[in-house]
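Remarks on the structure that follows.
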Amino acid sequence: MDKREIEYKIVELKDEYLQLQHNLEKLESVKGNLHPLEKRLAAIEEELSSLNTMLRDM
């Protein structure tokens, strides 16, 4: 991956993260199953951390 691809992927993941947070808030209000969303949010956080590390090391 080059720098531009990493930056683009970071933007995509941040957008997905924000959408999932919004969905999580909706599910909390109706007492829905939060586990799958929480699991995906955690995975996105890990991937963002990895991508940011790659970007810093370039």
Side-chain angles (χ1 to χ4, degrees):
M1 280 183 145
D2 67 13
K3 183 177 179 179
R4 193 168 27 137
E5 289 173 326
I6 294 172
E7 290 171 340
Y8 183 78
K9 184 67 175 172
I10 288 171
V11 169
E12 282 184 329
L13 287 171
K14 285 181 178 181
D15 286 343
E16 182 182 356
Y17 191 89
L18 290 173
Q19 290 172 356
L20 288 173
Q21 277 186 318
H22 183 70
N23 292 341
L24 187 68
E25 290 170 7
K26 286 181 181 178
L27 277 176
E28 282 179 327
S29 69
V30 295
K31 309 251 189 274
N33 182 9
L34 306 178
H35 183 69
L37 288 179
E38 291 171 335
K39 189 175 179 182
R40 180 61 186 142
L41 286 171
I44 290 172
E45 289 171 359
E46 287 180 29
E47 192 170 355
L48 282 170
S49 176
S50 173
L51 290 169
N52 281 313
T53 299
M54 287 173 60
L55 197 57
R56 276 192 305 272
D57 292 345
M58 292 189 123

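Each residue takes its place number in the sequence, starting with 1. No hydrogens, no waters, no symmetry mates; every other heavy atom, side chains included, goes into these values.
Not one N or O on the side chain of Ser49 forms a donor-acceptor pair closer than 3.5 Å with the backbone of Glu45. With hydrogens and angles ignored, the 3.5 Å screen pairs a side-chain donor or acceptor of Glu5 with a backbone N or O of Asp2.
Under the 4.5 Å side-chain contact rule for hydrophobic residues, Met58 and Leu51 share a cluster. Under a hydrophobic clustering in which Ile, Leu, Val, Met, Phe, Trp and Tyr are joined whenever their side-chain heavy atoms come within less than 4.5 Å, directly or via other members, Leu34 and Leu41 fall into the same cluster.
Separation of atoms CG (Leu37) and CD (Gln21) is listed at 10.5 Å; rounding is to 0.5 Å. Here Gln19 contributes atom CD and His22 contributes atom NE2; the two are 9.5 Å apart, rounded to the nearest 0.5 Å. For the atom pair Lys39 NZ and Ile44 CD1, the distance stands at 13.5 Å (nearest 0.5 Å). Interatomic distance, CG of Leu55 versus CZ of Arg4, reported as 13.5 Å (0.5 Å rounding). The distance from atom CE of Met54 to atom CD1 of Ile10, rounded to the nearest 0.5 Å, is 9.0 Å.
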Derivation of the side-chain contact (heavy atoms from CB on, under 4.5 Å) call for Glu12 and Asp15: CA-CA 5 Å; Glu12 282 184 329; Asp15 286 343; 5.8 Å; no
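Of all the heavy atoms in Leu48 and Leu13, the pair that sits closest is CD2-CB, 3.7 Å.
Within the 4.5 Å cutoff, no side-chain heavy atoms of Lys9 are placed close to those of Ile6.
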